[in-house]
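See structure below.
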Amino acid sequence: DAKTTQPPSMDCAEGRAANLPCNHSTISGNEYVYWYRQIHSQGPQYIIHGLKNNETNEMASLIITEDRKSSTLILPHATLRDTAVYYCIVGRPASNTGKLIFGQGTTLQVKP
Amino acid sequence: SAVISQKPSRDICQRGTSLTIQCQVDSQVTMMFWYRQQPGQSLTLIATANQGSEATYESGFVIDKFPISRPNLTFSTLTVSNMSPEDSSIYLCSAGGPYEQYFGPGTRLTVT
């Protein structure tokens, strides 16, 4: 079973920040939080990952609570191209024989 | 990052036949994974493909139905054997970077 809980869908206005929440209350100490997204008819795309500190890259920011039981993915200025299913996943790094278990994700609809 | 290609991109097959899907990575990777995505659903992990050893299958997937080869650090194949209409899905491979996975575009399989 997936170890994360996400809202099934969210809307966001184009140009505004999209904040996607994720609960992972059973996360263990050596598990990371990963975010992927899947645009229609494409393979999933890696976005960002983190262990306990907040992280930022060119695509998004990841905010992890101090107790690590939840996190938020922030797309600072959403565009129509950001419309996708966003998956929050917890797991060990792939190089450490970790595997990713996908839940149902959040379908983000960015509207003009 | 890694670039993943898959062949074929799509196929229509008859019931009872087998199809082999190829996955090529543009760099050497330790871990490769195979997923299935049924229509309108999330991704389900089929197996982990390790170079030099037998694949590790997830619950509900067996080697006789989904034999996997991993002859080197850049290539893997998944065979869908004795196909039925229930095998109609998108099959995706991924390769593990140090902390993330990169996905191929998928193979869309239709079984008639």
- Query: Got a second to check how far B:Y35's OH is from A:K99's NZ, nearest 0.5 Å?
  - Reply: 9.5 Å
- Straight-line distance of B:S42 OG to A:I89 CD1, nearest 0.5 Å: 7.5 Å
- Task: Please look at B:Q6 and chain A and tell me whether the side chain, the backbone, both or neither of the residue comes under 4.5 angstrom of a heavy atom of that chain.
- Result: neither
- Step through it carefully: locate the ring centre of B:F103, locate the ring centre of A:Y46, and say whether they are under 6.0 Å apart. no
- Same cluster (ILVMFWY, side-chain, under 4.5 Å), B:F33 and A:I47: no
- Message: Surrounding CD1 of B:I12 (heavy atoms of other residues, nucleotides or ligands, distance under 6.0 Å), is the total greater than 12?
- Response: no
- Note on the structure: Taking every heavy atom of A:P44 against every heavy atom of B:L92, the minimum-distance pair comes out as CD-CD2, 3.8 Å
- Co-membership, hydrophobic cluster, residues B:L45 and B:V80, 4.5 Å side-chain: no
- Query: Do any of residues 53-75 of chain A have a heavy atom less than 4.5 Å from a heavy atom of chain B, and if so, which, in residue order?
  - Reply: none
- side chain to side chain contact (heavy atoms under 4.5 Å, CB included) between A:Y36 and B:Q101, intermediate numbers included: CA-CA 9 Å; A:Y36 287 77; B:Q101 291 184 26; 3.6 Å; yes
- Query: With only heavy atoms counted, which part of B:L43 is less than 4.5 Å from chain A, the side chain, the backbone, both or neither?
  - Reply: both
- Item | Single-linkage hydrophobic cluster A:L80~A:I39, side-chain heavy atoms < 4.5 angstrom | no
- Item | Distance, nearest 0.5 Å, that separates CG of A:L100 from CD of B:E100 | 10.0 Å
- With a 4.5 angstrom heavy-atom cut-off, could you sort out which part of A:Q45 is near chain B: side chain, backbone, both or neither? neither
- Spell out, yes or no, whether B:I68 and B:Y91 are grouped together once hydrophobic residues are joined by side-chain heavy atoms under 4.5 Å, including indirect joins. yes
- Message: With a 4.5 Å cut-off on side-chain heavy-atom distances among I, L, V, M, F, W and Y, is there a chain of contacts connecting B:V111 to B:I46?
- Response: yes
- To the nearest 0.5 Å, what is the distance between CD (A:Q42) and CD1 (B:I90)? 11.0 Å
